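Since the model is a prediction, treat every value here as computed from it, not as a measurement. Chain naming here is simple, since letters A, B, ... match the order of the sequence lines and numbering starts at 1 in each. Side chains are part of it too, since the values below use all heavy atoms of this structure and drop only hydrogens, waters and symmetry mates.
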2 protein chains.
Amino acid sequence: MSLPHAILTALLEKPSSGLELTRRFDKSIGYFWSATHQQIYRELGKLEAEGYIRALPSEQPTRGQKKSYEVLPAGRAELARWTATAQDPKPLRDALLLRLRASAVVGREGVEVELRRHLVLHQRQLAEYEEIEERDFGAGRDTPQDRLQYLVLRAGIDLETFWTRWLTHALEELERLPEGQSPERQPPEQRLSEGQSPEQRSPEA
Amino acid sequence: MSLPHAILTALLEKPSSGLELTRRFDKSIGYFWSATHQQIYRELGKLEAEGYIRALPSEQPTRGQKKSYEVLPAGRAELARWTATAQDPKPLRDALLLRLRASAVVGREGVEVELRRHLVLHQRQLAEYEEIEERDFGAGRDTPQDRLQYLVLRAGIDLETFWTRWLTHALEELERLPEGQSPERQPPEQRLSEGQSPEQRSPEA
DNA sequence: CGTCCCATGTAAGCTGTTACATGATTCG
DNA sequence: CGAATCATGTAACAGCTTACATGGGACG
């Protein structure tokens, strides 16, 4: 239940049409809440039906014609309510970590390549954030709004920094491990982790 | 498309029934790929139908009777294939960051409380991870499998460390800001961020 | 025998993803 | 006028969440 509120926020910052919103969800807000144009159009319809936003009454809204929306007082109130509502953080869900864990059981073939690829992607994202930091938060910008937005950007930067560091460390570790894709060759009664099983060491001590 | 592979990994580590899997998805694997028991039972059915796993032929599987599964060779192969497949990281999606950004527009009322609450939750999670670190990765455990699993745990620890630091920093920043829930009282032509708008400063320089 | 917990499951609804459709405008 | 692009949408589906249903065993 966050997409409508992401859209309300974006529209409060600047009234827009569906496509403009889609573009803005590819950067800016999209950095921490992404959405496709289909999601956006569907949600715009709902929000209008609920009386949270309305189409700007400029041009006739035929198909293929731009249609801009603005937030109504009810929409602003709903956003304020939601912003202050208690919500627990969603538990982590990361496929790369899952794959790393799986690789401990079915072999590490190919995982290293993926770690390297992800490292590059995160470095790229980090560079993009740092560009924004320099461009938009250099000197001067010091209103409470600027500070809050900078905090959000800061989270992005720190998060990407974490990933690049962790991935770098993980790659170093991987190189230090013995070659074999061992677990496949073990007898079928695998039991690993979860409890403790201090048997079956591999050739490296 | 990761839940089935999470289940395959869990079952390879140790054959289990649906409920046992559910319990294990509350810790261990669940730390980075959570799932409810409904998801798990449904997926077990699919995996069995596809020939990736099979029910252990011990007891008669009537309703309310435990039913354990083990992974078949096809399942192991599928997991190995998936583990080595290229997959881009999912873009960040965090409601708290979204709420912080929204609070720059509709007022910061209530956000601070939420930041504080999340800080506690992340500190708690961090403590839990560190407990596991001491308990399961003390001395000795040094097989490649141990190292890989420790890498994953390390990611969790570093991630929670990031959040606690960032939240602490954010709370300090918030306290330094002037009191007003300002943006509400501004004239309707708000334009913030997205481009640049070096006008409208607030009383603090 | 009633209540609680174990264990497996069904059903409905919402969110997000992917593919495609349609009208309008622009440009060669 | 044909093709590309802009702009808005429809349809179908996959995944996740929430609530509820069913049957059995354990315990007082």
For this session: Take B:Arg101 and A:Glu13, measure what salt bridge (Lys or Arg N to Asp or Glu O under 4.0 Å) needs, and give me the verdict at the end.
Result: CA-CA 10 Å; B:Arg101 172 130 178 186; A:Glu13 290 176 355; 2.8 Å; yes
Exercise. What orientation do A:His122 and A:Trp163 show, parallel under 30°, tilted 30 to 60°, or perpendicular over 60°?
Worked result: parallel
For this session: Could you state the atom-to-atom distance from CD of A:Glu43 to C1' of C:dC14 in whole Å?
Result: 10 Å
Exercise. Is B:Arg42 side chain donor-acceptor paired with the D:dG15 base, going by distance under 3.5 Å alone?
Worked result: no
Problem set entry | Length of the line joining B:Glu20:CD and C:dC6:P, which is rounded to integer Å | 13 Å
Exercise. Contact class for B:Thr22 (heavy atom, under 4.0 Å): base, sugar-phosphate, or nothing?
Worked result: nothing
Problem set entry | Backbone of A:Ser17 reached by a side-chain donor or acceptor of A:Glu20 within 3.5 Å | yes
Exercise. How about B:Asp146 and B:Thr143: does a side-chain donor come under 3.5 Å of a side-chain acceptor?
Worked result: yes
For this session: With DNA chain C as reference, determine whether B:Arg93 or B:Gly18 sits nearer its 5' end, using the nearest nucleotide of each.
Result: B:Gly18
Problem set entry | Closest to side chain of B:Met1, choosing from D:dT8, D:dG15, C:dT8 | D:dG15
Problem set entry | Between P of C:dA12 and CD of B:Gln39, the distance in whole Å | 19 Å
Exercise. Between B:Phe137 and B:Tyr150, does the ring centre distance come in under 6.0 Å?
Worked result: yes
For this session: For the side chain of A:Lys67, starting at C-beta, report the closest nucleotide among D:dG9, C:dG16, C:dA7.
Result: D:dG9
For this session: Send over the distance from B:Leu21 CG to C:dC6 C1', rounded to a whole Å.
Result: 15 Å
Exercise. Atom OH of B:Tyr41 and atom C1' of C:dT8: how far apart are they, to the nearest Å?
Worked result: 5 Å
Seminar exercise, completed: Taken to the nearest whole Å, CZ/A:Arg23 to C1'/D:dT8 is 12 Å
Seminar exercise, completed: Closest of D:dA7, C:dT10, D:dT17 to the B:Gln38 side chain is C:dT10
Problem set entry | Spacing of B:Leu47 atom CG relative to C:dT8 atom C1', expressed in whole Å | 16 Å
For this session: Assign each of B:Thr36 and B:Lys46 to its nearest nucleotide of DNA chain D by heavy atoms, then name whichever residue's nucleotide is nearer the 5' end.
Result: B:Lys46
Exercise. For B:His37 and D:dC16, what is the distance between atoms NE2 and P respectively, to the nearest whole Å?
Worked result: 15 Å
